[in-house]
Amino acid sequence: MALCFYDTLSRNKKAFEPIESGKVGLYTCGPTIYNYAHIGNFRAYMFEDLLSRYLGFRGYAVKHIMNLTDVEDKLIRTCRENGESLQVVTERYANAFFEDLDTLGIRRAEAYPAATDHIDEMVDMIKALRDKGHTYEAEGSIYFRLSTFEGYGKLSHMDMEELRDGASGRVDNDEYESGDARDFVLWKAYVEEDGEVYWETELGKGRPGWHIECSAMSMKYLGDHFDIHCGGVDNIFPHHENEIAQSCCATGAKFVNYWLHCAHLVVDGKKMSKSVGNFYTLRDLIDKGIDPMAIRWVLLSTHYRQPNNFAFEAVDGAKQALQRIRDFRQRLSEVQGAGDGLEERCAQCEAAFVKALDDDLNISGALGAVFEFVRAVNKALDDGVAGVDGAQQALSLLDKLDEVTGLFGEASDGAVAPDEIIARVNQRQQARRDKDFALSDEIRDSLAAEGWIIEDTPDGARVKRI
RNA sequence: GGCGGCAUCGCCAAGUGGCUAAGGCAGAGGCCUGCAAAGCCUCCAUCCUCGGUUCGACUCCGAGUGCCGCCUCCA
């Protein structure tokens with residue numbers, strides 16, 4: 001079966017066919033950089049990382065664009081509260097964001113365009129919409145008139161007639177100045193609370209609405225019509241719905257071919273919330289001493305359309321699973337002597353891995369295939385069947401699949417024992433040769449207390465970090 | 001109130017209208033080991049509840065329960 005994705009618009013799995021053979025234009029909604037991102041945010045970016053990596057693995061040249069929202073209500077409020085400029089705040093959190101991406105092994109997109117660097121593009125787009133009669137002005141702000149776009153609501157399957165009532169009760173009709181409660185703002189006229197945050201443009205003094213940035217920037221970098229657009233399910237309405245309306249009305253062209261949305265992350269089965277005390281930024285977890293790769297494992301290993309339950313027990317499980325892979329690598333790298341190759345095993349594993357991911361990124365199935373491979377190869381090594389060649393093939397396969405998962409690499413820092421530890425390991429080896437097992441065990445226990453585990457192998461002792 | 005999603009072993013998590021319901025972690029027993037660790041072997045669920053469709057459902061439909069999301073700017 002060919003590569004397919006579940007498309008939110010059609011509510012169906014569709015075989016993936018790029019607009020231009022061999023190439024993929026991918027736009028993913030990025031963070032509003034007004035605070036540290038939380039692990040729920042990273043669940044989305046992790047899914048997009050997997051998507052992008054896998055498309056690359058399947059031979060596509062991926063052009064991945066992720067926006068940074070650096071002008072928006074919450075940001076302006078933060079600036080006001082902190083007495084800091086927009087630039088200071090956004091620079092701080094943009095830097096933190098990129099650090100966090102690195103911590104989690106999320107690969108960089110090709111570009112991270114910021115909204116404030118694309119005011120001109122947004123203004124041009126709003127002008128185009130105005131020229132075509134899709135907008136109206138109220139008190140200096142410019143709104144998009146939804147009634148001019150008949151496709152509105154198709155993505156979210158919303159019934160527009162019912163939305164009109166403002167059923168959530170959040171629409172304050174007294175303050176409402178636009179013609180229809182569903183209409184959204186393209187350009188916000190300046191108000192005093194905005195402080196230093198404004199642009200003098202042909203549309204007047206003010207700032208862009210939120211939705212317009214993604215339309216303007218995605219089309220600038222990927223063209224009017226591109227392949228894949230991603231985000232969290234909460235973006236479906238109204239953000240992506242609005243993007244479709246703006247973009248289609250501005251260009252008259254189809255906007256996006258595949259809409260992919262990931263489900264949310266919950267913690268211990270509950271919605272993350274500060275008042276419940278289960279709200280975590282990545283930094284919170286790292287401060288607890290959790291291996292970032294274990295976090296990566298947890299965020300990645302649930303299918304993206306499935307709610308991901310972040311539980312600390314699952315983190316422990318992920319840590320052990322990682323250790324199993326790392327021990328396996330270690331073992332493979334130490335194999336000596338001739339023996340059978342593992343071509344068939346490797347091919348089998350890769351085929352199962354690809355088959356799973358081809359099916360709308362079934363990562364769980366793919367990981368299952370890898371563990372079956374690990375067990376089979378361990379057995380072949382136990383039985384003395386496989387040799388150096390096979391071990392090298394297995395390592396190559398892990399490296400290859402690591403390009404997709406980012407989970408199968410070698411342990412990073414702190415895994416190499418310092419000389420002082422090595423000396424004690426050697427001391428223990430001597431004690432063992434002398435049959436002084438009391439001393440031997442004492443050394444082993446003391447090393448364990450410091451976080452170093454000894455494994456005796458036929459070729460000598462091996463130390464590893466817990 | 002409207003719309004949508006999810007509910008599988010202690011934990012995480014795949015999956016199929018009908019062979020023995022993946023995999024990881026944890027757990028039990030065994031092999032290996034001076035003892036361990038690692039590895040290997042064996043064991044460990046009938047799929048939220050209640051109805052219905054069907055020769056047959058965990059997989060389809062309905063109701064219920066629970067959790068999650070959206071309903072004007074939250075991944």
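As a basis for the values below, the full set of heavy atoms in this structure was taken, side chains included, without hydrogen atoms, waters or symmetry mates. Chain identifiers are assigned alphabetically (A, B, ...) following the order of the sequence lines, protein sequences preceding nucleic acid strands; residue numbering begins at 1 within each chain.
In this structure, the nucleotide among B:G4, B:C73, B:A75 sitting nearest to the side chain of A:H211 is B:C73. Candidate nucleotides B:C71, B:G34, B:A13 were compared by shortest atom distance to the side chain of A:R444, and B:G34 ranks first. Checking B:G39, B:C12, B:C68 against the side-chain heavy atoms of A:A311 singles out B:C12 as nearest. The side chain of A:F371 has B:G24 as its nearest neighbour among B:A37, B:G24, B:A75. Side chain of A:V266, nearest nucleotide from B:G23, B:C68, B:G34: B:C68. Closest to the side chain of A:F237, out of B:C71, B:A75, B:C35, is B:C71. Taking only side-chain atoms of A:V233, from C-beta outward, the nucleotide of B:G69, B:G24, B:A75 with the closest atom is B:G69. The listed nucleotides are B:G23, B:C71, B:C40; the one nearest the side chain of A:E372 is B:G23. The side chain of A:L265 sits closest to B:A75 out of B:A38, B:C68, B:A75. Nearest nucleotide to the A:R428 side chain, out of B:C35, B:A38, B:G24: B:C35.
Rounded to whole Å, the distance from NZ on A:K154 to C1' on B:G4 is 18 Å. In this structure, A:N308 places its CG atom 14 Å from P of B:A7, rounding to the nearest Å. Following rounding to the nearest Å, A:I236 (CD1) and B:C68 (C1') show an atom-to-atom distance of 13 Å. To the nearest angstrom, C1' of B:A75 lies 19 Å from OH of A:Y36. Rounding to whole angstrom units, CD of residue A:Q320 and C1' of B:G27 are separated by 14 Å. If you measure from atom CH2 of A:W452 to atom C1' of B:A36, you get 19 Å, rounded to the nearest angstrom. The separation between A:F353 atom CZ and B:G23 atom C1' is 14 Å, rounded to whole Å. Distance NE2 (A:H261) to P (B:G4): 17 Å, rounded to an integer number of Å.
Across every strand in view, B:A26 sits unpaired, with no contact that passes the Watson-Crick or G-U test at under 3.5 angstrom. Remark: B:G1 base-pairs with B:C71. Criterion, Watson-Crick or G-U wobble with two distances under 3.5 Å. Judged by Watson-Crick or G-U wobble contacts below 3.5 Å, the nucleotide B:C6 has B:G66 as its partner. Under the Watson-Crick or G-U wobble criterion, with both distances below 3.5 Å, B:G18 is paired with B:C55. Of all nucleotides present, none satisfies the Watson-Crick or G-U wobble test against B:C47 with each distance under 3.5 Å. Nucleotide B:C31 is matched to B:G39 when pairs are restricted to Watson-Crick or G-U wobble geometry with both distances under 3.5 angstrom.
In this model, no side-chain donor or acceptor of A:S364 finds a partner on the base of B:G15 within 3.5 Å. Interface remark: the A:R375 side chain does not form any donor-acceptor pair with the B:C40 base, using a distance-only criterion of under 3.5 Å. Between the side chain of A:R432 and the base of B:G34, at least one donor-acceptor pair of N or O atoms lies under 3.5 Å. Side-chain atoms of A:D456 come within donor-acceptor range of the base of B:C35, with a qualifying N/O pair under 3.5 Å. The base of B:A75 lies outside donor-acceptor range of the side chain of A:R43, with no N or O pair under 3.5 Å.
Listed by residue number, the members of residues 377-386 of chain A with any heavy atom below 4.0 angstrom from RNA chain B are A:N378, A:K379, A:D382.
Across B:C74 and B:G64, the matching C1' atoms stand 31 Å from one another, rounded to whole Å. Going from the P atom of B:G27 to that of B:A38 covers 10 Å, rounded to whole Å. Distance noted for atom P between B:G23 and B:U42: 11 Å (whole Å).
Listed pair A:R433 / B:G34 fails the phosphate criterion, with no side-chain N or O lying under 4.0 Å from OP1 or OP2. For A:K74 and B:C74, the shortest distance from a side-chain N or O to OP1 or OP2 is below 4.0 Å. Phosphate proximity of B:G39 to A:R462: absent, as no side-chain N or O sits under 4.0 Å from OP1 or OP2. Residue A:N362 places at least one side-chain N or O under 4.0 Å from the OP1 or OP2 atom of B:G15. An OP1 or OP2 oxygen of B:C12 is reached within less than 4.0 angstrom by no side-chain nitrogen or oxygen of A:S301.
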Verify salt bridge (Lys or Arg N to Asp or Glu O under 4.0 Å) between A:K464 and A:E455, making sure each step is shown before the conclusion. CA-CA 8 Å; A:K464 74 182 187 195; A:E455 294 176 0; 2.6 Å; yes
Which is it for A:E334 and A:T457 under the side-chain hydrogen bond (donor to acceptor under 3.5 Å, both in side chains) test, yes or no, and what are the steps along the way? CA-CA 10 Å; A:E334 291 170 357; A:T457 75; 5.3 Å; no
Walk me through whether A:T32 and A:E72 qualify under side-chain hydrogen bond (donor to acceptor under 3.5 Å, both in side chains). CA-CA 8 Å; A:T32 298; A:E72 185 261 359; 4.9 Å; no
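A:H229 and A:H240 have perpendicular rings, their planes meeting at more than 60° on a 0 to 90° scale where under 30° would count as parallel. Between A:F5 and A:Y258, the ring planes lie perpendicular to each other; the angle is over 60°, past the 30° to 60° tilted range. Using a 30° and 60° split on the angle between ring planes, A:W259 and A:H261 fall in the parallel class, below 30°.
Between atom OG1 of residue A:T281 and atom CG of residue A:N41 there is a gap of 10.0 Å, rounded to the nearest 0.5 Å. Between A:D194 atom CG and A:I76 atom CD1 the span is 4.5 Å, to the nearest 0.5 Å.
Heavy-atom distances to RNA chain B give each of A:I39 and A:E455 a nearest nucleotide, and the one nearer the 5′ end belongs to A:E455.
The stretch residues 31-51 of chain A participates, sequence neighbours left out, in these salt bridge (charged side-chain N to carboxylate O under 4.0 Å, His left out) pairs: A:D49-A:R53, A:D49-A:R296. Pairs passing the salt bridge (charged side-chain N to carboxylate O under 4.0 Å, His left out) check and including a residue from residues 302-325 of chain A, sequence neighbours excluded, read A:R305-A:D360.
Ring-base stacking between A:H264 and B:A75 is satisfied, the centre separation being under 5.5 Å and the plane angle under 30°. Residue ring and base: A:F437 counts as stacked with B:G34 (centre distance below 5.5 Å, interplanar angle below 30°).
Qualifying salt bridge (Lys or Arg N to Asp or Glu O under 4.0 Å) partners for A:K154, counting only residues two or more places apart in sequence or in other chains: none.
The salt bridge (Lys or Arg N to Asp or Glu O under 4.0 Å) test with A:K13 singles out one residue from A:D359, A:D358, A:D7, and that residue is A:D359.
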List, with names and distances, any nitrogen or oxygen atoms from the protein found under 3.5 Å away from nitrogen or oxygen atoms belonging to nucleotides 43-46 of chain B.
none

Please output the side-chain donor-acceptor pairs of residues 361-372 of chain A that fall under 3.5 Å, not counting sequence neighbours, one pair per line with the distance.
residue : atom : partner : partner atom : Å
A:N362  : OD1  : A:S364  : N            : 3.3
A:N362  : OD1  : A:G365  : N            : 2.9
A:S364  : OG   : A:S301  : O            : 2.9

